[in-house]
Amino acid sequence: MGNSDKYLTFALGKGRLASKTLALFEEIGITCEEMKDKDSRKLIFTNEELKFRFFLAKGPDVPTYVEYGAADIGVVGKDTIMEEDRRNYEVLDLKFGKCRMCVCGPAEAGELLKHHEMIRVATKYPHIAKDYFYNRKLQTVDIIKLNGSIELAPIVGLSDVIVDIVETGSTLRENGLVVLEEICDLSARMIVNQVSMRMESERINKLIKDLKEKL
Ligand code: PRP
């Protein structure tokens with residue numbers, strides 16, 4: 001029942017990711033002039049011609065909006081997708097926002113990772129850290145959830161290591177920390193609600209096809 005009168009709703013993670021996504025969408029002719037007004041306090045923007053709606057949300061909330069069908073499509077980092085672990089389809093790697101999820105710390109902490117020691121791990125990503133240490137490394141660790149500036153934790157003695165995103169590596173370098181282990185590569189991904197994928201398959205597949213040609 002592909003219904004062209006229905007709006008296709010997009011949830012975009014606020015910030016750099018959203019600007020890059022909109023720039024990419026422009027390349028395939030999907031524009032949203034309303035959204036470019038930086039002073040606007042509006043939360044939701046429409047393109048009446050294409051029947052597309054866009055809204056900005058906090059990154060970690062994007063997979064939630066998509067799972068419940070409040071958005072048909074979401075664009076968010078792979079880190080957030082893994083951490084939130086929602087039932088959505090991940091359909092496309094948008095190839096921007098590239099970085100890595102790593103275990104980092106002072107170089108000496110490398111030893112602690114070799115012998116299955118009970119160590120403290122600070123992170124904004126407790127689910128990813130737990131999966132890595134418990135299921136992949138079979139190492140029991142104490143995971144401490146923080147909300148930002150994770151690099152502080154080993155410096156002030158809150159934890160032995162951290163699990164965090166490394167992009168250029170300069171935050172680590174400037175704070176005397178190094179990458180000890182790599183967990184996985186990250187980048188922006190497009191996710192789709194499982195029901196929307198069936199009901200709006202024509203429009204969504206066309207969008208995926210058009211985007212792929214630009215990547
Ligand atoms: C992210 C990440 C690292 C830093 C990595 O933090 O958590 O701290 O960027 O980038 P780099 O390798 O290029 O230095 P963000 O700036 O998003 O803020 P946060 O520390 O508050 O999470």
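Since this is a predicted model, take the numbers as computed values, not measurements. All ligand and atom numbering here is 1-based and tracks the order in the structure.
Ionic pairing of R100 and D185 is not present here: no N-O contact between side-chain nitrogen and carboxylate oxygen is shorter than 4.0 angstrom. Residues K206 and E202 are not paired through a salt bridge, judged by the lack of any N-O separation under 4.0 Å between the basic side chain and the carboxylate. Ion pairing between E181 and K137 holds under the 4.0 Å rule for side-chain N and carboxylate O. A salt bridge links K6 with D72; the closest basic N to acidic carboxylate O contact falls under 4.0 Å.
For atom 19 (P) of ligand 1, the closest non-hydrogen atom on the protein side is S149 N, 3.6 Å. Among all protein heavy atoms, the one lying closest to atom 5 (C) of ligand 1 is I165 O, 3.4 Å. Residue, atom and distance of the protein heavy atom nearest to atom 18 (O) of ligand 1 are K124 NZ, 4.7 Å. In this structure, atom 8 (O) of ligand 1 lies nearest to the protein heavy atom E151 OE2, 2.6 Å. Nearest protein heavy-atom neighbour of atom 7 (O) of ligand 1: D164 OD2, 2.8 Å.
Residue-to-ligand polar distances keep N147 apart from ligand 1: every N/O pair is separated by 3.5 Å or more.
Under a 4.0 Å criterion applied to the non-hydrogen atoms of S170, ligand 1 contributes the atoms 12 (O), 14 (O). Interface of V166 with ligand 1, defined as ligand atoms under 4.0 Å from a residue heavy atom, comprises 12 (O). Close contacts between ligand 1 and T168 involve ligand atoms 11 (P), 12 (O), 13 (O), 14 (O) [criterion: under 4.0 Å to a heavy atom]. Close contacts of ligand 1 with G169, meaning ligand atoms under 4.0 Å from a residue heavy atom, involve 11 (P), 12 (O), 13 (O).
At a 4.0 Å heavy-atom cut-off, ligand 1 touches T171 through backbone and side chain alike.
Counting only heavy atoms, the protein gets under 4.0 Å from atom 21 (O) of ligand 1. For atom 14 (O) of ligand 1, the nearest protein heavy atom lies closer than 4.0 Å. Distances from atom 1 (C) of ligand 1 to the protein include no heavy-atom value under 4.0 Å.
The two residues D210 and I28 make their nearest non-hydrogen contact at O-CG2, 3.5 Å.
If you check the side chains of S187 and R189, you find a donor sitting under 3.5 Å from an acceptor.
Note on ring orientation: taking the six-membered ring where Trp is involved, the planes of Y65 and F55 are perpendicular (angle over 60°, cut-offs 30° and 60°).
Atom NZ of K98 has 12 or fewer neighbouring heavy atoms from other residues, nucleotides or ligands inside a 6.0 Å radius. Other residues, nucleotides and ligands contribute at most 12 non-hydrogen atoms within 6.0 Å of the CG atom of L43.
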